Amino acid sequence: MSRVTTSRAVASRATASRNAPAVERAPSSAERVLAPVILGVVVIVLWQLLAGSGLIEAYLLPSPAAIGEEIAQFAPSMASAAGLTGLNALIGLLAGTIVGIVAALLASAARIVDGMLAPIVAALAVVPIVALAPVLNTAFGADAQTGRQLIAALAAFVPVFINTARGLRQTRPVHRDLMRAYAATPWQAMRTITLRTAAPFTFTGIRLASSLAVISALVAEYFGGPRGGLGGLISTSAASSAYARAWAYVVAAIVLGLAFYLVALAIERAVARRT
Amino acid sequence: MTPTSTPTAVSARGVDKTFSTKQGEVVALSGIDLDVAPGEFISLIGPSGCGKSTLLRIIADLDSPSSGTVEVFGTSAHQARLDQRYGIAFQQAGLLPWRTVTGNIALPLELHGVGPAERAARVDELVALVGLGDFAQKFPDQLSGGMQQRVAIARALAEKPALLLMDEPFGALDEMTREYMQTELLRIAAETGAAVVFVTHSIPEAVYLSDRVVVMSPRPGRIADIVPMRLGRAADRADDLREDGAFFEMITAVREALHGAPVTGPRGVETR
Ligand SMILES: Nc1ncnc2c1ncn2[C@@H]1O[C@H](COP(=O)(O)OP(=O)(O)OP(=O)(O)O)[C@@H](O)[C@H]1O
Ligand SMILES: [Mg+2]
């Protein structure tokens, strides 16, 4: 049945391209950048007008100008807060990635390990990991970042493990035959074929993990522990009715998340170019 | 033909191969007896599914026979694989997409510890041999199917094996490149003294290349006939043979052997 749908999808795509104009012009990179920028400017102008009109209370939605002022005023504190949260996320991402890759390698090498890890990963994948934040914060003490880093690591582990494990199963039979014909050692076959085939999958996992690590490190700060991170500052600003400042820190959190994502995406693209 | 001192390149005795699948047992090969002399060029021809690839894989020790024995240069097929006595080119090119043409050809040399300088020199020779000088730094996805297959052939030749196993290596090539590659292959085989076991669907190709053509029949895959080519040494052949009367006689002989084979007929065999 799935084959029928696929072939129909292919057929309809073929028709679509036949009906398309003879010369299809790809949007230039200037156009691709310009379009969202224009949209963004329009939205901010409308938002400013709406907030200035008095129709919406400032605590519901502060005006962009107010948020901008806060950003200008608190820039140094925002940078250091982003640094702290970002470092927790980065440590978590690296640890989760390393453990995820090693676990996937073990699972692909021994069926028993695979059987043991599968339910654990399934559980981790459905449990909201930040729910562990209060527990871990208490476990590691009120002035340690360890709990947050651990939460980021757990969140990052899941997609890296799942994608790497899938990638390790993608080795093409003709490549396996080739390695056997060359009487390659298991380690040679691993290096030349298996790992290289899995690499793009692993980097897809890391890209997914990068956002999760930032979100987890940030949200974990809402549940106590040392102050000074973006999450902590968002919650204290909101608690002290400094709504525009809370939004300013939210903007910083978005920038931090985007930075992680874009770096991971660039690495993924570079690795996946030839596969 | 075989000097008594050197062992035969390939010697198969009573080889059977049965695959067990969910639908039941598939008898792919039954009672295969075949000897290939050193330096001899043998083609396997027969309808699709008659077990040509399976036989080649068994000689290469990529599959093991259900019963019977295969010896390669006097040792077991297994030992011969460990000793790297053969080079192989598959039906699919099977290149590594993340390596350039040079990187792909260098692969077996790398795996077997050939030093960088020697490796580079050998790869240059091979790139020139298969006529891909302008494409040495290209990746497989930048090459046509025929070019990819030429890279795979160069890779199979990299270590000058005394036995070449080739599974329809020219299937993806256009007719002109195919004829050029056939003549090149004969020259290479003669230069290196390699024995060749060559799977093909094309009768003229089998006739042009081979000292003997092994005609196979399907279900179960068995050898229906072995037709010796009375066309002079394969090594001495050149393109003008393709227009020779003797060439057409041999084509007729192989075609008759194929038609004489039991079961419906040579489906899947090209007569061009
Ligand atoms: N791994 C396998 N498992 C089950 N059956 C197989 C397997 N490999 C081959 N066969 C069966 O064995 C028979 C011979 O297959 P083989 O690939 O050797 O044929 P062939 O002569 O090379 O065909 P073609 O000319 O189409 O390449 C076929 O019926 C095929 O279905
Ligand atoms: Mg085949």
Side-chain angles (χ1 to χ4, degrees), chain A residues 1-3 10 17 26 97 101 104-105 108-109 160 163-207 264-275, chain B residues 53-54 56-64 72 77-101 103-114 137-143 148-149 151-152 155-156 158-159 161 163-167:
Chain A
M1 195 170 76
S2 72
R3 182 168 313 163
V10 170
S17 68
T97 296
I101 292 172
L105 284 172
S108 84
V160 173
N163 281 278
T164 305
R166 181 183 305 152
L168 290 170
R169 288 193 293 266
Q170 304 298 314
T171 314
R172 287 175 55 200
V174 66
H175 289 160
R176 275 200 296 270
D177 282 345
L178 199 63
M179 286 298 111
R180 191 172 149 85
Y182 291 142
T185 62
W187 168 236
Q188 284 179 322
M190 186 80 177
R191 218 168 20 122
T192 11
I193 303 289
T194 319
L195 291 183
R196 190 56 187 72
T197 305
F201 290 81
T202 301
F203 282 98
T204 300
I206 294 176
R207 168 171 56 80
L265 182 68
I267 298 174
E268 182 194 12
R269 289 262 170 88
V271 172
R273 206 171 307 139
R274 301 270 171 218
T275 36
Chain B
S53 298
T54 305
L56 206 71
R57 291 176 58 84
I58 288 176
I59 297 172
D61 187 41
L62 298 175
D63 265 326
S64 41
V72 176
H78 179 72
Q79 191 57 46
R81 175 174 65 80
L82 296 184
D83 296 345
Q84 292 296 296
R85 303 300 294 273
Y86 68 79
I88 191 164
F90 297 100
Q91 216 162 342
Q92 301 168 279
L95 304 179
L96 310 191
W98 51 86
R99 284 182 175 230
T100 60
V101 167
N104 268 287
I105 298 176
L107 177 66
L109 303 168
E110 251 174 69
L111 291 175
H112 300 136
V114 176
Q137 295 314 319
K138 294 269 189 276
F139 287 88
D141 64 356
Q142 299 170 308
L143 304 178
Q148 293 183 23
Q149 200 53 261
V151 178
R155 184 177 63 182
E159 297 176 287
L163 174 63
L164 262 176
L165 305 175
M166 309 183 98
D167 196 345

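By convention in this document, chain letters (A, B, ...) are assigned in the order of the sequence lines, proteins followed by strands, and residues within each chain are numbered from 1. From a predicted model like this one, the values you see are computed outputs, not experimental measurements.
- Within 6.0 Å of atom CZ in A/R176, more than 12 heavy atoms from other residues, nucleotides or ligands are found, so the atom counts as buried in its surroundings.
- For chain A, the nearby parts of B/Q92 are the backbone and the side chain; heavy atoms of each come within less than 4.5 Å.
- Across all non-hydrogen atoms, the minimal contact from A/T192 to B/W98 is O-CZ2, 3.3 Å.
- Between B/L95 and A/H175 the shortest heavy-atom distance is O-NE2, 2.9 Å.
- Nearest heavy-atom pair, B/D61 versus A/R180, reported as atom, atom and distance to 0.1 Å: O-NH2, 2.7 Å.
- When each of B/R81, B/E110, B/R155 is checked for a side-chain contact (heavy atoms from CB on, under 4.5 Å) with A/Y182, only B/R155 meets the rule.
- By the 6.0 Å contact criterion, CZ on A/R269 is open, its count of non-hydrogen atoms from other residues, nucleotides or ligands being 12 or less.
- Summarising the geometry, atom CG belonging to B/L107 is positioned 6.5 Å from atom CD1 belonging to A/I193; distances are rounded to the nearest 0.5 Å.
- Listed here is the closest heavy atom pair of A/A181 and B/L62: N-CD2, 3.9 Å.
- Heavy atoms of B/L96 lying under 4.5 Å from chain A belong to its backbone as well as its side chain.
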